[in-house]
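Heads up, the thing below is written out as structure tokens.
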Amino acid sequence: MDCNRCDEEAVMHAAYSGAHLCADHFRESVEKRVRRRVRRDDLVPRDASPENPQTWVIGLSGGKDSVVLTKILHDTFAEDPRIELVGLTIHEGIEGYRDKSVDACVDLAADLGIRHELVSYADEFGIEMDDVVEDDPENMAACAYCGVFRRDILERYADDLEADLLLTGHNLDDEAQTALMNFLEGDVAQIAKHFDASLGPLSEREEQDDFVPRAKPLRDVPEKEVALYAHLEDLPAHITECPHASEAYRGEIQQLLYDLEENHPGTRHSILSGYEELAGIAAEEYNDDATSADLQACAECGSMTTREVCRKCSLLESLV
Ligand SMILES: [Zn+2]
Ligand SMILES: [Zn+2]
């Protein structure tokens with residue numbers, strides 16, 4: 001089958017759009033979607049200038065998603081003095097897995113010539129995820145501990161680096177799963193929070209004084225296309241899944257979405273666009289209750305939390 005836009009052979013077919021594209025036109029279409037998302041989410045503020053440059057910290061895990069996001073943002077803004085990119089990589093202490101993906105991050109940052117910061121759970125918290133999984137004092141999934149620690153590091157370092165934006169490589173499949181999970185859990189406050197934290201256009205979100213705003217400019221691109229892009233660009237991505245991954249509910253939702261997408265192409269896109277619209281309406285409704293009023297400084301570490309001692313500090317307490 002030929003490409004819809006030229007005479008080259010197509011390397012992919014997207015059932016949701018009907019497009020057949022060759023390697024060049026496929027790459028172009030992925031890049032276009034990321035740039036359009038950057039525009040629609042108003043990620044570059046009007047007052048950004050060479051004198052007032054923006055620091056964008058990218059959570060760079062070395063997996064295909066964050067590697068592709070970093071590459072496309074670099075290509076988009078390499079010549080633009082308004083945007084400075086910093087890759088932030090976290091070593092969780094997972095043997096045989098994270099070492100390889102850290103290598104991928106170091107290689108990518110060197111190739112692109114961007115600043116790169118590497119931090120570890122060992123240095124930050126004195127723990128390794130391999131040991132946490134073994135001990136498991138709270139009897140929960142590995143991802144539950146890891147998520148709390150990762151969020152803490154991302155937020156703290158984004159703050160230290162004076163980031164204007166914290167970007168992560170969530171793709172369309174990730175975001176459609178999260179949307180569906182939040183919806184099925186019936187937690188509208190959580191949906192409103194999702195919008196203000198990372199989903200809505202920057203100009204429409206409620207200002208969050210103590211948090212660097214987040215963005216996910218890869219969320220219009222399906223996971224498979226991210227993988228194909230990484231392959232075609234020969235990017236140094238590490239594709240093995242984390243050996244401790246065990247989010248059972250997310251796995252169920254993922255399978256459900258695969259099946260729906262197979263029979264009804266475009267389902268992920270429509271879930272996410274409908275969810276974003278609803279989340280925006282929910283956020284407007286909930287903003288009046290100013291959730292930030294409930295925040296206080298953690299008695300142990302001083303980070304903002306709704307409890308007396310934050311979740312990270314209480315988990316660390318249970319681990320020693
Ligand atoms: Zn073509
Ligand atoms: Zn704390």
Side-chain angles (χ1 to χ4, degrees), residues 16 37 41 59 61 63-66 69 92 129 133 136 138-152 154-155 166-201 204-206 208 211 213-227 241-287 291 305-306 311-312 315:
Y16 60 84
R37 183 48 78 183
D41 285 355
S61 71
K64 62 186 182 334
D65 302 303
S66 61
L69 177 64
E92 302 95 341
M129 270 313 288
V133 174
D136 191 10
E138 305 266 323
N139 191 23
M140 33 180 224
C143 303
Y145 295 96
C146 203
V148 171
F149 298 141
R150 183 182 315 109
R151 204 157 40 242
D152 177 73
L154 285 175
E155 277 167 11
L166 173 59
L167 303 106
T168 52
H170 292 85
N171 60 48
L172 176 64
D173 291 71
D174 297 328
E175 287 299 287
Q177 287 161 19
T178 302
L180 206 50
M181 284 163 74
N182 284 347
F183 186 70
L184 293 177
E185 278 158 17
D187 190 344
V188 181
Q190 179 61 34
I191 292 171
K193 234 163 106 185
H194 192 189
F195 183 89
D196 281 331
S198 66
L199 217 51
E204 289 176 26
R205 294 190 208 164
E206 181 79 355
Q208 312 228 319
F211 298 100
R214 287 190 169 215
K216 298 167 179 169
L218 203 58
R219 72 180 185 278
D220 296 312
V221 185
E223 179 161 21
K224 260 194 187 160
E225 294 181 38
V226 177
E241 232 193 279
C242 173
H244 302 310
S246 58
E247 281 188 291
Y249 188 44
R250 185 173 285 273
E252 254 179 75
I253 298 292
Q254 183 182 39
Q255 190 55 52
L256 180 70
L257 280 174
Y258 284 152
D259 295 345
L260 282 169
E261 190 69 34
E262 177 85 27
N263 296 329
H264 313 278
T267 298
R268 288 165 304 183
H269 288 83
S270 57
I271 288 175
L272 192 56
S273 70
Y275 173 82
E276 287 197 43
E277 195 177 334
L278 285 172
I281 295 168
E284 246 173 71
E285 188 73 19
Y286 276 78
N287 280 342
T291 41
T305 173
T306 51
R311 183 84 177 122
K312 170 203 63 178
L315 284 185

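Note that the coordinates shown come from a computational prediction; the quantities given were computed from them, not determined experimentally.
When all heavy atoms are compared, the tightest approach of Cys143 to Ala245 is SG-CA, 4.0 Å. Of all heavy-atom pairs between Val133 and Ala142, the closest is CG2-CB, 3.8 Å. The two residues Asp65 and Asp174 make their nearest non-hydrogen contact at OD2-OD2, 4.4 Å. Taking both residues in full, the closest heavy atoms of Ala282 and Val188 are given as CB-CG1, 3.9 Å, listed atom of the first, atom of the second, then distance. Closest approach of Arg205 and Ala215 over heavy atoms only: NH2-CA, 4.5 Å. For Tyr16 against Gly266, the heavy-atom pair with the smallest separation is CB-N, 3.5 Å.
Remark: Lys64 engages Glu223 in a salt bridge, criterion side-chain N to carboxylate O under 4.0 Å. Using a 4.0 Å cut-off between charged side-chain N and carboxylate O, Glu276 and Arg219 make a salt bridge.
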Exercise. Apply the test side-chain contact (heavy atoms from CB on, under 4.5 Å) to residues Leu154 and Leu166: give CA-CA distance (whole Å), side-chain angles for both, the deciding distance (0.1 Å), then the verdict.
Key: CA-CA 8 Å; Leu154 285 175; Leu166 173 59; 3.9 Å; yes
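From Phe149, atom CZ reaches atom CE of Met129 across 7.5 Å, with rounding to the nearest 0.5 Å. Remark: Leu272 CG to Leu180 CG distance equals 11.0 Å, nearest 0.5 Å. With values rounded to the nearest 0.5 angstrom, His194 atom NE2 is found 4.5 Å from Leu199 atom CG. To the nearest 0.5 Å, atom CG of residue Asp136 and atom OH of residue Tyr145 are 4.0 Å apart. To the nearest 0.5 Å, the span separating NE2 on His264 from OG on Ser270 amounts to 10.5 Å. Between the CG atom of Asp173 and the CZ atom of Arg250 there is a distance of 10.5 Å, given to the nearest 0.5 Å.
Side-chain atoms of Asn171 do not come within 3.5 Å of backbone N or O of Glu175 as any donor-acceptor pair. The backbone N or O of Ser61 sits less than 3.5 Å from a side-chain atom of Ser66, completing a donor-acceptor pair. A donor-acceptor contact shorter than 3.5 Å is absent between the side chain of Arg268 and the backbone of Ala176.
Within 6.0 Å of atom CD in Glu138, more than 12 heavy atoms from other residues, nucleotides or ligands are found, so the atom counts as buried in its surroundings. Counting heavy-atom neighbours within 6.0 Å of Phe183 CZ, excluding the residue itself, gives a total of 12 or less.
Exactly one residue among Thr168, Leu167, Leu172 makes a side-chain contact (heavy atoms from CB on, under 4.5 Å) with Lys216. That residue is Thr168. For the side-chain contact (heavy atoms from CB on, under 4.5 Å) with Tyr258, the lone residue among Glu262, Glu261, Gln254 that qualifies is Gln254.
With no hydrogens or angles considered, no side-chain donor-acceptor pair links Tyr286 and Asp196 at under 3.5 Å.
With a 4.5 Å cut-off on side-chain heavy atoms, Asp220 and His269 do not count as touching. Under the 4.5 Å side-chain criterion, counting only non-hydrogen atoms from C-beta, Leu278 is not in contact with Phe195.
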